[in-house]
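Keep in mind that what you see is a predicted model, and the values were worked out from it rather than measured. Computed over heavy atoms, backbone and side chain alike; hydrogens, waters and symmetry mates excluded.
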Amino acid sequence: MNAHPTLDAELVAWWECEAERLTALAASTNWGWLRRRYERKAANARARAQVSRIREEARRGGAPPESGGGRGEPGQHSSG
């Protein structure tokens, strides 16, 4: 097995750290509109971490990889 972490594993850690940073910024701001913006960015960062987490689990065999079902999504080719 490869000793190096995959890109998705590193992205999970990075996005989680970014979400924590943005949450701290949201807590320290005095303006509501800026707090809401930081909170939205933190939620977006957590969502991106979850996408990479799902991919990483699929790579390890913990879950089936997400496929588009072959219904013509970009990047999928059908052999006919």
Side-chain angles (χ1 to χ4, degrees):
M1 187 147 198
N2 193 353
H4 299 289
T6 63
L7 177 59
D8 283 318
E10 290 190 13
L11 284 172
V12 169
W14 193 88
W15 284 117
E16 288 294 333
C17 183
E18 183 68 2
E20 292 292 324
R21 184 184 73 84
L22 290 164
T23 300
L25 284 171
S28 68
T29 188
N30 293 326
W31 295 304
W33 64 270
L34 190 55
R35 183 183 65 250
R36 288 187 298 273
R37 179 174 171 88
Y38 284 140
E39 288 169 349
R40 280 192 305 268
K41 286 179 163 246
N44 189 348
R46 286 188 192 92
R48 288 177 179 235
Q50 184 62 22
V51 168
S52 292
R53 187 177 292 111
I54 289 169
R55 279 193 219 140
E56 183 64 20
E57 288 174 3
R59 183 176 290 110
R60 291 184 193 164
E66 290 185 33
S67 65
R71 298 189 181 183
E73 285 84 4
Q76 293 194 359
H77 302 284
S78 61
S79 59

Side-chain atoms of residues 32-39: list all donor-acceptor pairs with protein atoms under 3.5 Å, sequence neighbours left out, distances to 0.1 Å.
{"residue": "Arg36", "atom": "NH1", "partner": "Gly32", "partner atom": "O", "Å": "3.4"}

Subject >> Separation between NZ of Lys41 and CG of Leu22, rounded to the nearest 0.5 Å >> reply: 7.0 Å
Original post:
Is there any side chain to side chain donor-acceptor pair (under 3.5 Å) pair reaching into residues 9-24, and which pairs are they, with sequence neighbours excluded?
Top reply: Glu16-Arg53, Glu18-Arg21, Thr23-Arg46
Original post:
Where do Val12 and Ala49 come nearest, in terms of heavy atoms and distance?
Top reply: CG2-O, 3.6 Å
Subject >> Arg40 CZ to Asn44 CG distance, which is reported to the nearest 0.5 Å >> reply: 10.5 Å
Subject >> Chi angles and distances behind the side chain to side chain contact (heavy atoms under 4.5 Å, CB included) call for Leu11, Asp8 >> reply: CA-CA 5 Å; Leu11 284 172; Asp8 283 318; 4.2 Å; yes
**OP:** Using the test side-chain contact (heavy atoms from CB on, under 4.5 Å), find all partners of Ala9 that sit at least two apart in sequence or belong to another chain.
**Re:** Pro5, Thr6, Glu56
